[in-house]
Amino acid sequence: MSEMAPEGPPSPPPVRRRRTVRLRTMLVCLAVVPTVAMGTQVTVTAQRLLAQSAHLRADVEDGERIGVPLVRLMNELQAERATTAARWAGSPVGDGAVRDGRAGTDRAAAEFRKVAGSAGEPGTQGPGQDGGRVGAVAERLDLLDSYRKRADAHSGSAEQVVAYYTGVIDDIIRAYQDEFSHSDDAELAQESRPAVALFSAAEMVARENTALALAGPPRELAATGFSQFLDAVGTHRYLYDTWIVPYLPPAELASYDRLTGSAAWQAKFRIENAVVANHKDTPTGVKLPADVDGWPAAYATFAPQLAALNTERARSVFAHADAKASELETEVYWLIGASGGALLLVTAVVVLTTRSVLRRLSRLHTRTVAIAEETLPEVVARLQRGEPVDTGALPAVRGRQDEVGQITDAFARVVAVSVDGHRQLAAERHGFGLFASGIASRTGNLVSRQLSLTEDLQDTFGHDEALLAQLMRSDQLTVGMRRQIENLLILAGGEIPDPHTDPMRVADLLREAAAEVEDFRRIERQALDEASVQPHVISQISHLLAELLDNATRFSPPRSKVVVRAELVADGLSVEIEDRGPRVSAAGYEAMNERLHSAPPYSVLAENAHRLGLFVVGHLAEQLQARVTLRRSVYGGTAAVVILPGALLAPAAPERKPGAEPAPRARREPGPAAALTPVPTPVHRPAPEADTRPAPEADARPAPGVPPAPEADAAPAPAPVPATTRRPLPVRSGDAPAGARPALPERVPQTHLTRQLRGPRAPEPDTGRDTATPEEVADAWADYEEGTKKVEAELRAERP
């Protein structure tokens, strides 16, 4: 067990293994990995170059084996297509010429089928050759005899027969293009582009020849045929200008210039322009000009030259690909030789430098671990205790230039930044604590003195009901001020002072919490079970409930009730506060519950300064180990459910004998005048001090039918106020009164009541039906809408 490393910060025992095994392994990897990587890279590169060379040679072989038959077949099909179109149009074409043309096509097709059959056998296909295009050409050739018969019998239309030949030639061009699409060399791909474009352009010129042959002696084309002629003219001119001429080498460009400068090509160009410009539309098609009569002679002259240019470009590409394959093989040999020598050199250099780097990194590791495990924790602990720190014990930046030295300086900067951050954080915490403590202490003294003065005024002017009501209103606002000061203490991490020494009944606790709310008359309390809470948490629970009650009264209509009920549950004590405020979305409840269930940092408090009540409740709930949850109530408002753990409840007290004196309750400390104000008993007064219904001024008068008692026998009746046990804030000794007040006489139960209250209680008059006028009902509804709009405006302002 002693050899196992404990959890937590690293300890000295595993230092030996980290210093030797891990660092040495890393340096060995630095020596081995680059060597293996370089060898792997050389091997992969050599294989790639050899594969590329084999691919190029296969392309050359396939081009010579398949490309030549494809070109011959395309030329024969173009000639047969033109002959078939001319014969269909009525041109003087002899049967011998037709037989000779078809025989040439059959020979080219037979040669192609032989090549296509060998290409389809397993193991005979070149790299990237799948036989798809070649197979498509072979399938189309199987229909050649049927279309010849249709042409001889003039079955169908000439456009259908011509379209068949055109489709076969298109497949041939695509198959030829596939022969040049497998090259991985960009230069060869650039050279092969004009080769394919030349065959496409030659096909466009052949389509012009077919279209003019289809016009026949009448020199008249159908609208579709004329449109195809125009497309062929535009396409082949675009191909020559854009995809052929810019990419031809000088020798082939000279051949192209000779071709385009010949008389036959110029005649072709002139006839095309004449057809485009001088044609005439007829009801049956398009009438061509007489210039087209010179087309067969011109085409017979430049067609062989154009075919020779195409063949020359294809052979040039094949020759270049073969030369490129030889260059790649030579490059592989040089690469293997040079890489082998480089690998030996790299291995020697890495082995020589490994030991030096290992020693320096070992020293750096030892110093870093010592600072991280010993120096830095000690410095942070001293800063948190407010003690000075010796900067000489920290690493210093020395401005070293080598890599290990730079790492050391970087670590020194990290340590300095960390120490500065902890120093600043400790100073800010200490300063905020002093600030909050000072503000709370000074303001608390003033509030305590204000409460004491209010109590003295209540004792002195208690006979004036109107003035007493205003004094109680002032007392209520002062209690609210004190609650806000306690909020500051809670958010600053302090605790609320609690003067209570005895457990408090839940009913009294609810009354005390409601008394701290400005609009306490709207709160209806329901203590469903007899229970008491521990004295040391009375102030915290009362403050928590007061915050929730204040939030419920502020965010609900002015004349609506806020119900708070408490009852014992399996987990302890459940307190539910329910209002009838506006609806809140599910996302809103989720955000508020998140604030209640986790104490946020000060940055979050600053961003939500208008909702500090929720944070105060969250802090108190965390201190009490309670659970506070907000949800939608059945009335559409909000219900806050507080679950207090059973450990906060006081054990049930034994029953008191009749006539025994009740235990004294905590009272407000510096003002004993609060004890002079009698606490009304709900049994004798129709409106107790903490009743949730608004208490009218008439409650101060005796009950109807009971004559007023003489002034000598009755004390002045106080205005209705909440009977609550208020908690004092810490008061400095210098702020206490100079002289101690005399002790008050003790009261005997049931002897302090006035004569009117000693007699039997008069029955309460029947209120009868509601006599509110329509104007009063309208005013009440207007107040409700005004309160609702105010709450909705506040919610919209709080949204980000």
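In what follows, residues are counted from 1 in the order of the sequence shown.
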With the side chain counted from C-beta on, respond yes when [X] and [Y] share a heavy-atom pair under 4.5 Å apart, and no when they do not.
X	Y	result
Asp231	Ser227	yes
Arg313	Asn310	no
Val584	Arg632	no
Ser146	Lys149	no
Arg113	Leu141	yes
Asp95	Arg87	yes
Ile172	Phe199	no
Glu111	Arg107	no

request  = Go through the steps for Arg102 and Asp152 under the test salt bridge (charged side-chain N to carboxylate O under 4.0 Å, His left out), then give the verdict.
outcome  = CA-CA 12 Å; Arg102 292 179 177 178; Asp152 294 340; 2.8 Å; yes
ask   = Can you list the steps and then say if Trp295 with Glu208 is a side chain to side chain contact (heavy atoms under 4.5 Å, CB included)?
value = CA-CA 10 Å; Trp295 175 268; Glu208 293 181 46; 3.7 Å; yes
[X] side, atom [atom1]; [Y] side, atom [atom2] - distance, nearest 0.5 Å:
X	Y	atom1	atom2	answer
Leu198	Glu203	CG	CD	13.5 Å
Phe229	Leu214	CZ	CG	12.5 Å
Trp88	Thr83	CH2	OG1	15.0 Å
Leu259	Phe302	CG	CZ	8.0 Å
Glu590	Ser585	CD	OG	9.5 Å
Thr45	Glu331	OG1	CD	9.5 Å

Which heavy atom in [X] sits nearest to a heavy atom in [Y], and how many Å separate them?
X	Y	answer
Leu70	Ala175	CD1-CB, 4.0 Å
Leu239	Ala197	CD1-O, 4.2 Å
Thr84	Ala151	CG2-CB, 3.6 Å
Ala274	Pro289	O-CG, 3.6 Å
Ala89	Ala215	CB-C, 4.3 Å
Glu76	Gly101	OE1-O, 4.2 Å

task = Kindly write out the residues that satisfy side-chain contact (heavy atoms from CB on, under 4.5 Å) with Ala303, not counting sequence neighbours, or none if the list is empty.
result = Tyr299
query = For Tyr589 and Thr638, what are the C-alpha separation, side-chain angles and deciding distance, and is it a side chain to side chain donor-acceptor pair (under 3.5 Å)?
reply = CA-CA 9 Å; Tyr589 282 122; Thr638 298; 2.9 Å; yes
Judged by atom type as modelled, is there a donor-acceptor pair below 3.5 Å linking the side chain of [X] to the main-chain atoms of [Y]?
X	Y	value
Thr301	Ala297	yes
Tyr240	Ala201	no
Asn209	Val205	no
Asn593	Leu630	yes
Lys287	Leu221	no
Thr260	Asp257	yes
Ser316	Glu312	no

query = Passes salt bridge (charged side-chain N to carboxylate O under 4.0 Å, His left out), Arg270 versus Asp291? Steps please.
reply = CA-CA 8 Å; Arg270 184 176 62 257; Asp291 298 333; over 6 Å; no
request  = Would you please indicate yes or no on a ring centroid separation below 6.0 angstrom for Tyr147 and Tyr165?
outcome  = no
query = Is the closest side-chain donor-acceptor distance between Ser255 and Arg258 under 3.5 Å?
reply = yes
ask   = Can Arg81 and Thr166 be counted as having a side-chain donor-acceptor contact under 3.5 angstrom?
value = yes
note = Residues passing the side chain to side chain donor-acceptor pair (under 3.5 Å) test with Arg148, sequence neighbours excluded, are Glu80, Asp106
message = Can you tell me which residue among Val275, Ile271, Asp293 is in a side-chain contact (heavy atoms from CB on, under 4.5 Å) with Leu288?
response = Val275
Ion pair Arg207/Asp170, N-O distance below 4.0 Å = yes
task = Would you please test Ile169 and Gln78 for side chain to side chain contact (heavy atoms under 4.5 Å, CB included) and show each step?
result = CA-CA 8 Å; Ile169 296 172; Gln78 288 173 348; 3.5 Å; yes
key: salt bridge (Lys or Arg N to Asp or Glu O under 4.0 Å) partners for Arg237, two or more places apart   = Glu272
